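For reference, the structure is listed below as structure tokens.
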Amino acid sequence: MTNKEFLGIIKKESNPNDYNQYLKQLIYKKNSSDKKIAIFEVSNKYIATWIKSKFTHIIQNCFEIFDGTKPNIEIKIIGERKSKKEILIQMQKNETAESTMLNPSYTFDSFVVGSSNQMAYNASIAVSNKPGIQYNPLFIYGGTGLGKTHLLQAIGNFAIEQGKSVIYVTIEQFMNDFTFSIKNKNMEHFRAKYRKCDILLIDDIQFLSGKEQTQEEFFHTFNELHNAKKQIIMTSDRLPSQIAGLVDRLKSRFDWGLTADIQYPNLETKIAIIEKKSELNGIFLTKEIINYIASSLDNSIREIEGVLIRINASAALLNQEINLEMVQNLLKEQIKEKKEHIKLPDIISLVANELNIKPSDIKSKKRTVAVANARRIVIYLTRELTHNSMPDIAKFLGMKDHSSISKNIQKTNELIEKNENFKLVIKNLKNKIVNKEW
Ligand code: ADP
Ligand code: MG
């Protein structure tokens with residue numbers, strides 16, 4: 001792919017703000033010889049970091065669209081070496097842009113409401129109408145790709161229209177900003193920025209886990225805003241009480257306001273979402289195709305969206321009308337590809353991380369309840385999501401033979417049948433693996 005071709009695709013795949021502000025600065029150089037890494041250049045470190053943390057997915061998508069590959073992305077810096085001071089100035093300049101880095105298409109209008117997200121939606125509307133008064137903080141939680149970021153940014157977009165000052169950051173950006181400010185002895189600026197906004201939107205707060213210094217700083221930010229009756233809204237993939245390594249005083253503060261969850265959508269809602277997304281993107285799908293997609297994909301809405309983009313791209317590339325057969329083939333291919341990309345060690349590290357145990361324990365002979373449970377889940381997910389055979393899995397985990405693997409799978413199936421909670425845990429983990437959240 002040439003640089004021009006790359007820019008052409010990414011321009012279509014990203015929103016105009018992101019493209020104009022950041023992505024068009026990317027220069028695609030080449031692939032590594034084994035094609036596993038795509039190398040880009042940009043002119044400064046800040047932009048490189050920002051693009052890497054926010055847009056890796058989109059960049060990978062471009063390759064997927066172009067030739068079906070999914071390389072890792074490496075971004076190098078070219079050009080002049082800037083002094084710390086220059087970078088700092090640049091960063092502050094970018095800040096206004098960064099803090100309103102909202103995706104303009106994430107609005108309340110484009111959000112489909114169903115029973116799975118009704119409560120979170122209502123709460124978001126309520127805080128938008130009366131920020132800082134009724135529910136403070138608002139804590140939205142739910143599985144991956146179910147619309148948390150969309151809702152959070154819809155609140156932000158609405159507030160900006162009302163002339164409010166809004167900061168939207170992921171907790172990782174907050175943390176980076178914080179460490180950067182400490183290093184550069186610029187805490188005043190940091191504090192002024194975060195403590196003076198009307199509405200603070202913090203995405204993926206579960207990553208505060210174990211980050212003590214950032215928690216301390218966030219605690220003060222929270223108090224200051226809360227005292228001044230400024231609205232705080234957070235999202236997380238789990239409840240505050242389930243975030244390991246979160247200090248109690250934050251846990252209790254997160255429960256002060258309202259906690260609202262987003263569940264997996266039912267078939268009806270999935271259909272409504274597909275209808276809305278295809279309408280927004282100018283893709284024409286028959287009822288039959290919409291039903292087929294909605295019933296074949298039980299995971300995240302992000303995944304459904306990915307499929308729509310693929311259908312559209314492939315119809316355009318092949319200059320072909322979208323029909324059921326084509327969609328069926330695409331989905332089959334997608335499932336096959338997905339299996340090739342997911343590796344057993346990745347499953348182990350994700351499950352271990354989520355269940356808060358050591359990855360090495362899963363491969364050990366330990367038989368504590370927690371470890372046995374995690375191992376069972378790893379086995380189950382590996383069978384579901386990869387092509388590994390039972391003997392392969394047994395060998396990798398240092399287990400006797402494939403019969404112990406099949407026993408574990410049987411046991412997991414029983415648990416899923418019997419226990420709704422366990423079923424949900426499995427679904428969430430599956431979702432994270434499929435979305436490559438490790
Ligand atoms: P999360 O932050 O929970 O992982 P996102 O908010 O990023 O999920 O949602 C993933 C994608 O699915 C986004 O493109 C979003 O627009 C879309 N989406 C999720 N829920 C809905 C909904 N109810 N209506 C319309 N689009 C949705
Ligand atoms: Mg999100």
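Just follow the structure's listing: the first ligand is 1, and inside any ligand the first atom is 1. Counting from 1, the numbers follow the sequence of the chain as shown. Treat the numbers as computed from the prediction; the structure is a model and nothing was measured.
Under the 4.0 Å criterion applied to side-chain N and carboxylate O atoms, K211 and E216 are not assigned as salt-bridge partners. A salt bridge links R195 with E217: the distance from a Lys NZ or Arg NE/NH1/NH2 to an Asp or Glu carboxylate oxygen falls below 4.0 Å. Salt bridge K287/E275: present, at least one basic N to carboxylate O contact under 4.0 Å.
Considering backbone and side-chain atoms alike, V113 places every N or O at 3.5 Å or more from each N or O of ligand 1. The shortest N/O to N/O separation between F111 and ligand 1 does not fall below 3.5 Å. In terms of N/O distances under 3.5 Å, ligand 1 is approached by Y106. Taking distance alone, with nitrogen or oxygen atoms compared against 3.5 Å, V112 approaches ligand 1 more closely than that limit.
Within 6.0 Å of CD in E340 there are more than 12 heavy atoms belonging to other residues, nucleotides or ligands. The local environment of CD in E288 is sparse, with at most 12 non-hydrogen atoms from other residues, nucleotides or ligands closer than 6.0 Å.
The closest approach between any non-hydrogen atom of E305 and ligand 1 is below 4.0 Å. The closest approach between P265 and ligand 1 stays at or above 4.0 Å for every heavy atom of the residue. Under a 4.0 angstrom heavy-atom cut-off, K277 registers as being in contact with ligand 1.
The side-chain tip of K363 points at the ring of F396 from less than 6.0 angstrom away and within 45° of straight on. The side-chain tip of K148 does not point at the ring of Y141 from less than 6.0 angstrom away and within 45° of straight on. Taking the ring centre of F219 as origin, the terminal cationic atom of R249 falls inside the region bounded by 6.0 Å and 45° from the ring axis.
When each atom of ligand 1 is checked for a heavy atom of G143 under 4.0 Å away, the hits are 3 (O).
With a 4.0 Å cut-off on non-hydrogen atoms, S110 touches ligand 1 through its backbone and not its side chain. Of all the heavy atoms of T149, the ones lying under 4.0 Å from any atom of ligand 1 are found in both the backbone and the side chain. At a heavy-atom cutoff of 4.0 Å, ligand 1 is contacted by the side chain of N117 but not by its backbone.
Among K148, R302, K432, H150, the residue whose heavy atom lies nearest to atom 7 (O) of ligand 1 is R302. Looking at S300, G306, G147 and measuring to atom 8 (O) of ligand 1, the nearest heavy atom belongs to G147.
In this structure, the side chains of N223 and R253 come closer than 4.5 Å at one or more pairs of heavy atoms.
Metal site remark for the Mg ion (ligand 2): T235 contributes no N, O or S atom at a distance under 2.8 Å.
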